[in-house]
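Worksheet for the structure shown next.
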Amino acid sequence: MWHDILGNTPYYDSSGNGSQAGWGLSSTGADGVGFLNLHSYGYWSDTEYMLVDAWGFGTDVGVQKHYNKS
């Protein structure tokens with residue numbers, strides 16, 4: 001969704017190379033879908049990863065990863 005529907009460019013390309021041109025949160029709405037107050041940082045999910053981490057999504061770089069819960 002972050003890439004395909006909203007049209008944002010991630011920091012990393014599909015090969016893992018960083019700093020693509022135009023990366024970051026540039027669009028919060030497209031195709032009739034809009035998100036109010038979407039900020040450029042990590043959002044948590046409620047899904048744990050191991051004991052000390054949880055999955056989240058970084059809208060700043062467009063990546064899903066686990067973040068330390070502390």
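Bear in mind that the values here come from a model prediction, so they are computed numbers and not experimental data.
For Ser27 (side chain) and Leu6 (main-chain N/O), a donor-acceptor pair under 3.5 Å exists by modelled atom type. Ser15 places no side-chain N or O within 3.5 Å of a backbone atom of Asn17 that could act as its donor or acceptor partner.
Within the 4.5 Å cutoff, side-chain heavy atoms of Trp55 are placed close to those of Gln64. Between Trp23 and Val61, the closest side-chain pair of non-hydrogen atoms falls below 4.5 Å.
Minimum heavy-atom separation, Thr59 to Leu25: O-CB, 3.6 Å. Contact detail for Asp60 and Ser40: the closest heavy-atom pair is CA-OG, 3.2 Å. Taking each heavy atom of Ala54 and Ser45 in turn, the nearest pair found is CB-O, 4.2 Å. Shown here for Glu48 and Met50, the closest heavy-atom pair between the two residues is OE1-O, 3.8 Å.
When hydrophobic clusters are built by joining Ile, Leu, Val, Met, Phe, Trp and Tyr residues whose side-chain heavy atoms come closer than 4.5 Å, directly or via intermediates, Phe57 is not grouped with Tyr49. Tyr43 and Ile5 fall within a single hydrophobic cluster, where Ile, Leu, Val, Met, Phe, Trp and Tyr side chains are chained together by heavy-atom contacts under 4.5 Å. Put simply, Val52 and Trp44 are part of two different groups of oily side chains (I, L, V, M, F, W, Y) that touch within less than 4.5 Å, one to the next.
Between Asp53 and the options His66, Lys65, Lys69, a side-chain hydrogen bond (donor to acceptor under 3.5 Å, both in side chains) holds for only His66.
Separation of atoms OG (Ser14) and NE2 (His3) is listed at 10.0 Å; rounding is to 0.5 Å. We find the OG1-CD distance between Thr9 and Gln20 to be 6.5 Å, quoted to the nearest 0.5 Å. Going from atom OG1 of Thr28 over to atom CH2 of Trp2 covers 12.0 Å, rounded to the nearest 0.5 Å.
There is a side-chain donor-acceptor pair under 3.5 Å between Asn8 and Ser26.
Around OH of Tyr41, the count of heavy atoms belonging to other residues, nucleotides or ligands within 6.0 Å exceeds 12.
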